[in-house]
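Remember, it's 1-based here, ligands and their atoms both numbered in the order they're listed. As the structure is a computational prediction, the values presented were derived from the model and not from experiment. Keep in mind that the numbers below use all heavy atoms, side chains included, and drop hydrogens, waters and symmetry copies.
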Amino acid sequence: MKNIYLDNAATTPIDPRVFDAMLPGLRDEFGNPSSAHAHGRSARAAVEKAREHVAQLLGADASEMVFTSGGTESDNAAIHMMLGAAGGTAPVHFLTSQAEHHAIMQPLEQLEERSVRVDFIGVDSSAVPRLDHVAASFSGDEQLHRCMSLMHVNNETGGILDLQQAAAIADSHSSLIHSDMVQSAGKLPIAIHDLHVDFASLSAHKIHGPKGAGALYIRKGMSVDPMMVGGSQERGRRGGTENLIGIIGLGEAARLAVLEMDERHQRWSTLKMFTTERLGNAFPDIVINGDGDAALPNICSVTFPADAYPMDGELITARCDLSGLSVSSGSACTAGSVIPSHVMKAIGHDDASSISTVRLSYGAQTTEDEVRRGVEVLIEVIQDMLDRSSPLSHSRTAMP
Ligand code: PLP
């Protein structure tokens, strides 16, 4: 039987309707959007239609969207554009949170090594940045240009930031603000002009579009350096022939996400409620990271606290995989050792509990039956691991 896929926050399968929309671009409509002839004009029209749809994800103007290769490029570019926009060579103070994606954390850590001041504010139990910590972080830095980057929805917990409040706080501190909206775009209604956010990152493969396509929102009127030079594409902001097929796929995925947002949200809420209730009945001491309205319902992060559930947490996802269930863990495997996720640690879990965390995430195509079967697999895996790690089971296996 096919493995059950409950890891849609990592990536989603391409929607068949997106696939169909991309096909002509792979066959006959191959023109270069910069060419003036008929082939080029038809490719240009496809790119601009996609731009309209992607802008609708944020309630933005099409002219504010720049196509990129995905969330990581958009995040990196936003940081470097903010550095330039904030003051060029003038000293800058960057503020972000302890629970951002590595696409934000690592470029900022690099800047820190080059003597840029970077502060990482704490987060609450849903991994949402503590906005009440912003003022203290910014105090005493009046001679610096300020920039902030705070993600809208956390990719490990689904925790939702009040972006309107975050942007108002940024404004009151004369700070630019970028938000990583990779996990929220297409899943929450967004009116970006009301939020007063300066930059925002999107990715196609989180909303049933293709991998390697994304976009960066740059607020109208911002003066920014190009993220890539060598061509006048994307109004001179990103040179290079456009990824036509990827852009068409992103546009169609965006159109469908906006159209079906309410229906998907409702279905995910039911699936998450079922998941948390069934797991809570089987294991009463679990912690749901990012619960209720504080989190998006397509992500269900469950921690098995190490004191209540002693087991080799790093094996959970591998055991699930062997049993036909694809899910993510609260850890990363680097150079053969298991490192607890920085997000789980930031919300207060110890190393062992961070590692004993499982993220189940649903997509537009996830069925109730898949979730029911997937949750039973997880319960069996955890129960078996607990049985094997209990002192009683050790003594049993030691018996002849
Ligand atoms: N930001 C967040 C919150 C993500 O979840 C991801 C993907 O995991 C990224 C950025 C990176 O996006 P991409 O895979 O399109 O580079």
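Looking at atom 6 (C) of ligand 1, its nearest protein heavy atom turns out to be H101 NE2, 3.3 Å. Among protein heavy atoms, atom 5 (O) of ligand 1 sits closest to Q183 NE2, 2.8 Å. Here the protein heavy atom with the shortest distance to atom 1 (N) of ligand 1 is D180 OD2, 2.6 Å. Annotation: atom 16 (O) of ligand 1 to nearest protein heavy atom, T72 OG1, 2.6 Å. At the shortest separation from atom 15 (O) of ligand 1 among protein heavy atoms lies S203 OG, 2.6 Å.
In this structure, the side-chain hydrogen bond (donor to acceptor under 3.5 Å, both in side chains) partners of S69, at least two apart in sequence or on a different chain, are E73.
Note on R51 versus E242: no salt bridge recorded, every NZ/NE/NH1/NH2 to OD/OE distance being 4.0 Å or above. Ion pairing between K345 and D351 holds under the 4.0 Å rule for side-chain N and carboxylate O.
Residues D141 and H93 have side chains that bring a donor and an acceptor to within less than 3.5 angstrom of each other. Defined by atom type and a distance below 3.5 Å, a donor-acceptor pair is present between the side-chain atoms of T68 and S74. Between the side chains of S175 and R146, no donor-acceptor pair of N or O atoms lies under 3.5 Å. No side-chain N or O of N32 forms a donor-acceptor pair with one of S35 less than 3.5 Å apart. Side-chain contact annotation: S201 with D180, donor-acceptor N/O pair under 3.5 Å absent.
Residue K206 approaches ligand 1 through these ligand atoms, each under 4.0 Å from one of its heavy atoms: 5 (O), 6 (C), 7 (C), 8 (O). Each of the following atoms of ligand 1 lies closer than 4.0 Å to a heavy atom of G70: 15 (O).
Taking all heavy atoms of S69, G212, A9, G71 into account, the minimum distance to atom 12 (O) of ligand 1 is reached by G71. Residue M151 holds the heavy atom nearest to atom 3 (C) of ligand 1 of all those in M181, H205, M151.
Heavy atoms of N155 found under 4.0 angstrom from ligand 1 belong exclusively to the side chain. Neither the backbone nor the side chain of E73 has a heavy atom within less than 4.0 Å of ligand 1. Heavy atoms of K211 found under 4.0 angstrom from ligand 1: none, in either backbone or side chain. Proximity of D75 to ligand 1, defined as any heavy-atom pair under 4.0 Å, is confined to the side chain (atoms from C-beta onward).
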Check against side-chain hydrogen bond (donor to acceptor under 3.5 Å, both in side chains), S179 and H152: CA-CA 6 Å; S179 186; H152 192 193; 5.4 Å; no

